[in-house]
Number of protein chains: 2
Amino acid sequence: MEAFHRIWKKWRHLVIYGIILGLLIISLRLLRWKYVIADQSLEIYIGIVALFFMGLGVWVAMQWFKPKSNTAEETEFIPGQEPLSIDEKALENLQLTQREQEVLGLIVKGYSNLEIAEALHLSVSTIKTHVSNLYSKLDVKRRGQAIDKARKLRIVE
Amino acid sequence: MEAFHRIWKKWRHLVIYGIILGLLIISLRLLRWKYVIADQSLEIYIGIVALFFMGLGVWVAMQWFKPKSNTAEETEFIPGQEPLSIDEKALENLQLTQREQEVLGLIVKGYSNLEIAEALHLSVSTIKTHVSNLYSKLDVKRRGQAIDKARKLRIVE
DNA sequence: TTCAGCTTCATACTAAAGTACCAAATCCGG
DNA sequence: CCGGATTTGGTACTTTAGTATGAAGCTGAA
């Protein structure tokens with residue numbers, strides 16, 4: 001069972017592709033089957049195909065958008081610092097993760113945990129986890145302190 | 001009931017898209033009744049439907065992952081104004097009392113109600129009263145919003 | 001493959017914040 | 001002196017915020 005789990009983890013995507021191909025073939029066969037079956041069945045098959053391809057479209061888009069993580073890390077840094085720009089060095093020193101920076105950005109805008117969760121499509125529990133870790137790294141105890149510190153360190157807009 | 005509410009809040013967009021999808025399918029069926037499609041072009045017809053719905057799926061996913069636009073009100077930025085000074089006019093318009101201004105000043109510094117009470121030699125009850133009145137005048141619901149609004153209105157340092 | 005770090009989510013709890021309503025003392029202008 | 005606004009404080013309650021802990025999946029590097 002353990003071996004199966006590992007194999008599944010590694011070849012999951014290939015299996016999904018296989019299932020998709022299988023479904024495609026099946027749908028095509030069903031379409032042929034339609035020639036022998038009553039006409040009204042065709043509507044159902046078209047609906048199935050439409051649903052399936054819409055789901056496929058969603059999945060494809062998710063694959064396209066999700067792994068689109070940091071490709072633009074390099075920010076040109078001109079010695080003469082802009083007084084209103086973000087202090088990249090301070091940001092690096094804090095070792096904040098991507099999510100923590102996102103959450104911090106919304107906290108500064110006055111979002112509640114629930115609003116942050118909805119904006120990022122996450123659960124409130126997750127937000128609380130990020131917020132707690134954030135406070136540890138910022139060495140603060142409360143939201144207001146975090147906002148104040150983030151502004152003083154110029155790690156948010 | 002509470003759980004249902006949370007789930008609804010999170011997935012309501014998907015539900016709406018599902019309804020739209022259903023309407024589209026119905027319209028397709030109606031189209032088929034009006035324009036009889038020759039058997040030879042059935043495969044093409046199916047292909048078009050598949051492509052269309054896959055595109056629709058991609059679009060839905062894009063909507064789903066699209067970051068929410070920030071509708072927060074921005075302060076008018078008049079060139080002649082000093083960007084770092086306190087906006088006295090905005091302050092007057094709010095009709096904040098002396099105490100409320102003091103409390104607001106400490107709130108934006110990250111003070112808790114208890115800390116504010118100690119700093120001003122007052123009880124926490126009193127601070128809560130001032131804070132509540134403050135929120136009413138600022139038209140906000142939470143501490144973070146008050147901080148954000150106070151900064152945007154430039155009524156604090 | 002293994003492992004550390006990141007992300008996600010849950011439960012259970014405590015602490016802080018916030019609301020609603022009330023009431024008393026003070027201050028200040030008419 | 002009266003009355004409105006301010007200031008102070010309380011009780012009771014609901015809502016958010018925050019902590020602690022555990023668990024699981026994923027990813028990238030060793």
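Reminder, nothing fancy here: chain letters follow the sequence lines and each chain counts from 1. Since the structure is predicted, the reported quantities are computational estimates derived from the model, not experimental observations.
With no hydrogens or angles considered, a side-chain donor-acceptor pair links B:Ser123 and B:Thr126 at under 3.5 Å.
Rounded to a whole Å, the CD atom of A:Gln145 is 11 Å from the P atom of C:dA16. Rounded to an integer number of Å, the gap from OH of A:Tyr135 to P of C:dA16 is 13 Å. For the pair B:Lys128 NZ and D:dT7 C1', the interatomic distance rounds to 18 Å; values are reported in whole Å. A straight line from CG of B:Leu122 to P of D:dG10 spans 11 Å, rounded to a whole angstrom. The separation between A:Asn133 atom CG and C:dT7 atom C1' is 10 Å, rounded to whole Å. For the pair A:Glu100 CD and C:dC6 P, the interatomic distance rounds to 7 Å; values are reported in whole Å. If you take CG of B:Leu120 and P of D:dG9, they are 11 Å apart, rounded to a whole angstrom. One interatomic measurement links the two molecules: CG of B:Leu114 to P of C:dT14, which rounds to 19 Å at whole-angstrom precision.
For D:dT16, the OP1/OP2 oxygens have no side-chain nitrogen or oxygen of A:Asn113 closer than 4.0 Å. Between B:Arg142 and C:dG18 there is no side-chain N or O to OP1 or OP2 distance below 4.0 Å. At least one side-chain nitrogen or oxygen of B:Thr126 sits closer than 4.0 Å to the OP1 or OP2 atom of D:dG9. Contact check, B:Ser123 against D:dG9: a side-chain N or O comes under 4.0 Å of OP1 or OP2. Taking only side-chain nitrogens and oxygens, A:Ser125 never comes nearer than 4.0 Å to OP1 or OP2 of C:dT11. Within the 4.0 Å cut-off from OP1 or OP2 of D:dT16, not a single side-chain nitrogen or oxygen of A:Ser112 is found. Distances shown here put every side-chain N or O of A:His130 at or beyond 4.0 Å from the OP1 or OP2 atom of C:dT7. Regarding contacts with the backbone of C:dT7, every side-chain N or O of A:Thr129 stays at 4.0 angstrom or more from both OP1 and OP2. Between A:Ser132 and D:dT19 there is a side-chain N or O to OP1 or OP2 distance below 4.0 Å.
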(message) Evaluate A:Glu100 against A:Asn133 for side chain to side chain contact (heavy atoms under 4.5 Å, CB included), listing each step before the verdict.
(response) CA-CA 8 Å; A:Glu100 285 162 0; A:Asn133 296 331; 3.5 Å; yes
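Of the inter-residue distances, the one linking B:Ile127 atom CD1 with B:Leu106 atom CG reads 8.0 Å to the nearest 0.5 angstrom. Taking CG of B:Asp148 as the reference point, atom CZ of B:Arg142 lies at 11.0 Å (rounded to 0.5 Å).
No more than 12 heavy atoms of other residues, nucleotides or ligands shown are found within 6.0 angstrom of NZ on B:Lys109.
Within the nucleic acid shown, B:Val124 has no heavy atom closer than 4.0 Å to any nucleic acid atom.
Candidate nucleotides C:dT7, D:dT19, C:dT19 were compared by shortest atom distance to the side chain of B:Lys141, and C:dT19 ranks first. With distances taken from any side-chain atom of A:Arg143 to the nucleotides D:dA17, D:dT7, C:dC6, the minimum falls on D:dA17.
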